[in-house]
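Numbers here simply count residues along the sequence, with the first being 1.
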Amino acid sequence: MPNMAEGKQKGQSKKNRMSKLYNQQVYQLLRGGDSADARGNDLPESSSLPPSTRARLHKIFGLIEKEFETVYLENVSLQEKLDTLTERLDRESIGTVNDRNMGMDEIDGFASFRSNSTTASSKVFSSSGRLKSHTNKLKYQTTKIMSGLKAGPAVSVNPVKRYSGHKDGVWEVAVSRMGLPILGTVSADQTAKIWGMHSGSCLLQYQGHTGSVNSIRFHPNKELVLSTSGDGTAHIWQCAVNMHNESSSGRVASSEDELDPTEREFLDGHDYDDSYQCSVLRTPLKSLSSHSGVVISGDWLPGGDQLLTAGWDRLASIWDADTGELIQQLGGHDEELTHCATHPTQRLVVTSSKDSTFRLWDFRETIHSVSVFQGHQDTVTSAVFVPNTDLIVSGSDDRSAKVWDLRNMRTAVATIQSDSAVNRISVSSSGLIAVPYDNRNVRIFDLTGNRLARLPRSSHQGHSRMVCSTAWANEGSQRPNLFTCGFDRQVIGWAVEPRDQQEEKEGFRLNLSLRGKDMAALKEHLYKDKEGKM
């Protein structure tokens with residue numbers, strides 16, 4: 001027993017060290033450094049080793065890293081195979097019922113009892129052990145039949161477009177608020193990219209930051225973009241892109257003074273086949289500096305005349321977008337801020353923090369008010385307003401997402417419990433909540449907490465690592481209309497569509513050739529059960 005306890009303590013200690021190392025690497029990435037630098041933070045800057053020895057050690061560690069990467073990819077491949085087999089088993093389980101001892105035949109995927117009940121009874125009652133075994137089998141088969149009659153996902157989700165080009169994890173994705181077919185992404189590779197929604201090509205790359213770029217937001221009515229970074233600044237820059245390959249009017253919003261000569265050729269109509277040769281912008285229109293550390297998030301206030309930033313210095317700042325002057329700082333959180341969001345039409349602001357709370361700031365009156373929401377047990381990773389309602393949806397590292405009514409902040413009106421930490425969520429104009437998880441899942445819920453769909457997880461369709469953020473297109477008729485990004489450097493566009501109600505009803509029909517009174521009675525019972533649920 002002492003040896004077992006000691007082994008458990010050693011295992012827990014090793015797990016804590018690995019978790020600490022991972023947190024150090026993420027912290028370093030958000031500040032804009034290489035994740036490898038986090039491993040050496042505790043080492044002295046100077047070394048007495050000869051340069052040749054140090055170079056050799058670096059080479060050896062590089063080989064070790066490659067080996068670990070190979071093992072990781074093999075693990076991902078095995079996980080994909082396991083997921084595929086699990087899904088196939090779930091689909092085929094209803095059609096594989098063939099128990100000779102129970103005397104059952106397969107008819108169109110369902111089982112019908114044979115009339116040889118006398119023989120079956122003599123076998124079942126031959127021993128108590130076999131009776132228990134057959135009873136369990138009967139219960140299992142009944143459960144499978146019932147599950148087959150349940151309605152499938154309320155929405156269908158299919159991958160439509162993949163946007164590849166970032167060289168490190170992608171922290172956030174956002175969609176143009178002016179109805180333009182473009183989206184923006186930001187990454188730990190210190191760049192922000194503007195993509196053509198339908199072509200999947202990179203239209204513009206912003207390289208003005210010197211640290212990890214942590215968030216991105218499009219201006220509500222101008223061709224401007226707000227980005228925040230681990231370098232301690234927030235930048236406002238011109239979104240000048242040529243959309244001749246997109247389903248738009250093809251107009252070009254030019255800001256050629258900010259572009260290189262080769263980039264002007266692109267705007268003049270030169271078409272590059274290489275997606276990496278997109279326009280490059282390096283100079284912001286405004287650089288905002290007041291935070292003493294990482295600026296983790298930002299957003300535009302209604303109208304776009306002012307903007308909001310949130311930092312690891314526990315403060316949120318409100319700025320004048322035209323002059324770049326700091327208007328007001330919002331303090332009160334006990335730990336670092338993780339996210340901020342603004343209401344699309346009202347002067348309401350919500351800030352999230354590691355102190356397990358999020359705060360609602362109301363600027364609709366001359367003297368602003370503050371409300372504190374205390375419903376989570378761990379870091380609140382994001383909180384966003386639900387369009388056209390008085391609701392807020394929050395997500396947390398405590399593995400839950402909650403729906404709140406602004407008029408009653410004491411208790412959540414709905415809670416979504418899960419098996420993994422929740423990252424930056426988004427809510428569509430129709431009230432669909434897209435929740436990204438650390439375990440590379442993305443699930444869609446309604447505002448009552450009912451799960452409507454789960455996005456595919458296999459790497460050829462979904463993400464292979466942590467999903468960091470989701471974003472909905474403003475127009476529900478657009479396809480793709482949901483976008484996700486993750487630490488696998490991938491951005492994926494999805495088509496989310498409600499299933500045809502008539503198809504669901506057709507799916508409940510049983511086209512069976514029934515034999516025997518027992519199966520007729522079972523069918524009647526199942527239909528009654530189904531009608532009761534509907």
Side-chain angles (χ1 to χ4, degrees), residues 30-32 171-178 180 182-194 203-241 252-260 263-264 267 278-313 315-330 337 339-344 347 349 351 361 363:
L30 288 171
R31 293 187 64 90
W171 293 122
E172 191 170 77
V173 58
V175 180
S176 170
R177 298 166 66 178
M178 295 174 59
L180 301 177
I182 56 176
L183 61 138
T185 57
V186 291
S187 169
D189 64 9
Q190 304 184 7
T191 69
K193 291 179 182 289
I194 304 298
L203 306 178
L204 175 65
Q205 180 173 259
Y206 180 68
Q207 298 180 353
H209 287 290
T210 58
S212 169
V213 191
N214 301 323
S215 75
I216 184 170
R217 286 292 185 277
F218 288 91
H219 193 281
N221 48 50
K222 295 181 181 178
E223 292 173 329
L224 298 176
V225 172
L226 169 66
S227 59
T228 65
S229 172
D231 60 14
T233 67
H235 287 181
I236 302 173
W237 41 279
Q238 186 78 36
C239 180
V241 295
V252 179
S254 64
S255 178
E256 297 183 4
D257 293 338
E258 298 290 329
L259 305 177
D260 294 339
E263 297 151 7
R264 293 195 187 99
L267 291 180
C278 64
S279 303
V280 177
L281 182 65
R282 297 186 176 89
T283 307
L285 299 176
K286 298 289 181 183
S287 179
L288 312 177
S289 301
S290 74
H291 293 281
S292 59
V294 171
V295 187
I296 195 65
S297 183
D299 202 355
W300 301 91
L301 269 71
D305 295 331
Q306 296 178 352
L307 60 93
L308 173 74
T309 58
W312 280 7
D313 56 3
L315 297 174
S317 300
I318 297 179
W319 307 79
D320 186 290
D322 294 327
T323 64
E325 294 181 359
L326 178 64
I327 298 175
Q328 188 177 1
Q329 286 188 318
L330 311 178
L337 271 61
H339 188 259
C340 67
T342 62
H343 194 280
R347 291 184 62 81
V349 167
T351 56
W361 310 78
F363 294 97

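Using a 30° and 60° split on the angle between ring planes, His209 and Tyr206 fall in the perpendicular class, above 60°.
Leu307 CG to Leu301 CG: the interatomic distance, rounded to the nearest 0.5 Å, is 7.5 Å. The line from CH2 of Trp319 to CD1 of Ile327 is 10.0 Å long, rounded to the nearest 0.5 Å. Here SG of Cys239 is found 8.0 Å from CG of Leu180. Values are rounded to the nearest 0.5 Å. Separating the CD atom in Gln207 from the CZ atom in Arg282 is a distance of 5.0 Å, to the nearest 0.5 Å.
Each of Leu226, Leu224, Leu281 was checked for a side-chain contact (heavy atoms from CB on, under 4.5 Å) with Trp237, and the lone residue meeting it is Leu281.
In this structure a side-chain-to-backbone donor-acceptor pair under 3.5 Å is present from Glu172 to Ile216. A donor-acceptor pair is defined here as one N or O able to donate and one able to accept, closer than 3.5 Å; no such pair exists between the side chain of His291 and the backbone of Asp313. Of the possible polar contacts, one joining the Ser176 side chain to the Met178 backbone as a donor-acceptor pair under 3.5 Å is found.
When only modelled atom types and interatomic distance are considered, Thr309 and Thr228 share no side-chain donor-acceptor pair under 3.5 Å.
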Evaluate the criterion side-chain contact (heavy atoms from CB on, under 4.5 Å) for residue pair Phe363 and Gln328; output intermediate values, then yes/no.
CA-CA 12 Å; Phe363 294 97; Gln328 188 177 1; 3.7 Å; yes

Applying side-chain contact (heavy atoms from CB on, under 4.5 Å) to Gln238 and Glu223, what does each step give before you reach the verdict?
CA-CA 6 Å; Gln238 186 78 36; Glu223 292 173 329; 4.0 Å; yes

Full working for side-chain contact (heavy atoms from CB on, under 4.5 Å) between Thr351 and Cys340:
CA-CA 4 Å; Thr351 56; Cys340 67; 4.2 Å; yes

Start with the C-alpha distance between Thr342 and Trp300, add both sets of side-chain angles, then the distance that settles side-chain contact (heavy atoms from CB on, under 4.5 Å), and finish with yes or no.
CA-CA 7 Å; Thr342 62; Trp300 301 91; 5.5 Å; no

